[in-house]
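Have a look at the structure below before the remarks.
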Amino acid sequence: MERLRQDDPSQVGPYVVLARLDADSAERTVPERRYFGRSADGQRTVLLCVPRVGADPSRWAIEAEGARRLSVPRFLGIAEVGGTAGFPWYAAPYTPALPLPAVLAAYGGPLPEDTVRRLGAALAEALAAAHAQGVTHAGLSPAAVLVTPGGPLLTCVGAVRAAAPDGVRRSGLPGLDPGCLAVEQASGGRPGPLGDVFALGAVLAYASTGHTVPEQSELPPGLRGLVGSCLSSDPAARPQSAGEVLGELVSPAAGAGPGAESYPPAGTVLDHAAVPLPGRVVAALAAQSAALLAAELPAPQQPFASPQKVH
């Protein structure tokens, strides 16, 4: 939860803007501007999202409306889409949530392998469900993952499509983490499920090391093979489905190589129904919730009253 800047809106639709979700340091790789807002009567607190400055608002609005119609487990549930052609927005009910970069900041560095595996398994399961419906996320990155007490939520659906039309190179565009863009997408190809698999590998790498493009030696031995295959520049060399990634995360078929121990041990199944969070992350979520609860709406400005004439 970050303080508002002078260039931030004070009102979005019927909501008063209270604070920003993302830190300045993460702004380069966040495809939309995200805020916490509250209704004027103080009854509803929401997560508000609007396009980045300089983005095409019409393309962003199309993706926002498409995301609102989705019903995919662990995809952020969008309650409202509104605004004008030049300033669209969407809102989702508030739940305490930290973007993955903020989770690593709260924890003090890369996450333990157990947490990475459970987090990745929940994301892989969500992507598998989306792909089964013919939906490609096309925007997965560390910033797109919101970690909540109930597990991760996926946001920024369609960010790759909104950034540029098919056939236009996307690498280097504001708001897109280049480390999460598969070669075929960066060169302008149509986003597909194997692009999501690549991006999932980048998210696993980030959670494990703090980088979306790490050295192999930085990765935990038990994840090197999986992450390396997800990040292959050749789509045919990647796991061919999110379900395949899920299976490897919860029940690895073999260890990471001679002399290396796999986690969990080969032949066991990791329970990924819940994602236990480190205490420091839980504390950060609680602090965010408390700060929002204490945030007061700006006092309404009193109408100007002309001085009374004294007789």
Side-chain angles (χ1 to χ4, degrees), residues 1-68 75-103 105-106 139 141-149 153-159 162-163 174-175 284-303:
M1 181 166 163
E2 306 289 331
R3 291 186 177 184
L4 295 175
R5 303 182 310 201
Q6 286 188 340
D7 59 343
D8 288 324
S10 58
Q11 183 100 10
V12 172
Y15 300 103
V16 177
V17 178
L18 301 175
R20 295 165 57 233
L21 172 63
D22 298 289
D24 288 342
S25 58
E27 188 175 13
R28 184 179 61 85
T29 53
V30 182
E32 52 197 17
R33 291 180 289 162
R34 305 187 290 194
Y35 303 97
F36 298 114
R38 186 168 293 150
S39 58
D41 60 7
Q43 298 301 305
R44 287 178 296 156
T45 301
V46 297
L47 173 66
L48 292 166
C49 300
V50 302
R52 287 176 61 97
V53 174
D56 181 341
S58 61
R59 294 187 65 86
W60 187 92
I62 290 170
E63 294 297 336
E65 176 58 27
R68 184 188 68 81
F75 275 42
L76 179 70
I78 296 176
E80 300 173 74
V81 175
T84 63
F87 189 72
W89 55 268
Y90 71 77
Y94 170 71
T95 187
L98 293 172
L100 188 54
V103 169
S141 70
V145 177
L146 295 187
V147 176
T148 78
L153 294 175
L154 281 171
T155 67
C156 304
V157 177
L285 288 166
Q288 179 197 93
S289 181
L292 267 182
L293 186 64
E296 296 182 358
L297 292 172
Q301 293 189 354
Q302 298 296 322

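All values derive from a computational prediction rather than experimental measurement.
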Mark yes or no for whether Gln11, through its side chain, and Gly13, through its backbone, hold a donor-acceptor pair below 3.5 Å. yes
Residue pair Arg38 / Tyr94, side-chain donor-acceptor N/O under 3.5 Å: no
Taking every non-hydrogen atom, the tightest pair across Gly86 and Pro57: O-CB, 3.9 Å
For residues Trp60 and Cys49, report the shortest heavy-atom separation together with the two atoms involved. CH2-O, 3.2 Å
Kindly give the heavy-atom pair with the smallest separation between Leu48 and Gly37, and that separation in Å. CD1-CA, 3.8 Å
What's the separation between atom OG1 in Thr148 and atom CG in Leu153, rounded to the nearest 0.5 Å? 5.0 Å
With rounding to the nearest 0.5 Å, note down the distance linking CE in Met1 to CG in Leu292. 4.0 Å
When rounded to the nearest 0.5 angstrom, what is the spacing between OG1 in Thr155 and CD in Glu32? 6.0 Å
Spell out, as yes or no, whether a donor-acceptor pair under 3.5 Å connects the side chain of Arg33 to the backbone of Arg20. no
I'd like to know if the side chain of Glu63 pairs up with that of Tyr90 as donor and acceptor (distance under 3.5 Å, no hydrogens or angles considered). no
About how many Å separate CG of Leu21 and CZ of Phe36, when rounded to the nearest 0.5 Å? 4.5 Å
Any chance CZ of Arg3 has more than 12 other-residue heavy atoms, nucleotides or ligands included, within less than 6.0 Å? no
Heavy-atom closest contact (Thr95 atom, Gln288 atom, distance): O-OE1, 4.4 Å
Nearest heavy-atom contact between Pro88 and Pro51 is O-CD, 3.3 Å
When rounded to the nearest 0.5 angstrom, what distance separates OH in Tyr35 from CG in Leu47? 11.5 Å
Here the gap from Leu4 atom CG to Ser10 atom OG, rounded to the nearest 0.5 Å, amounts to 9.0 Å
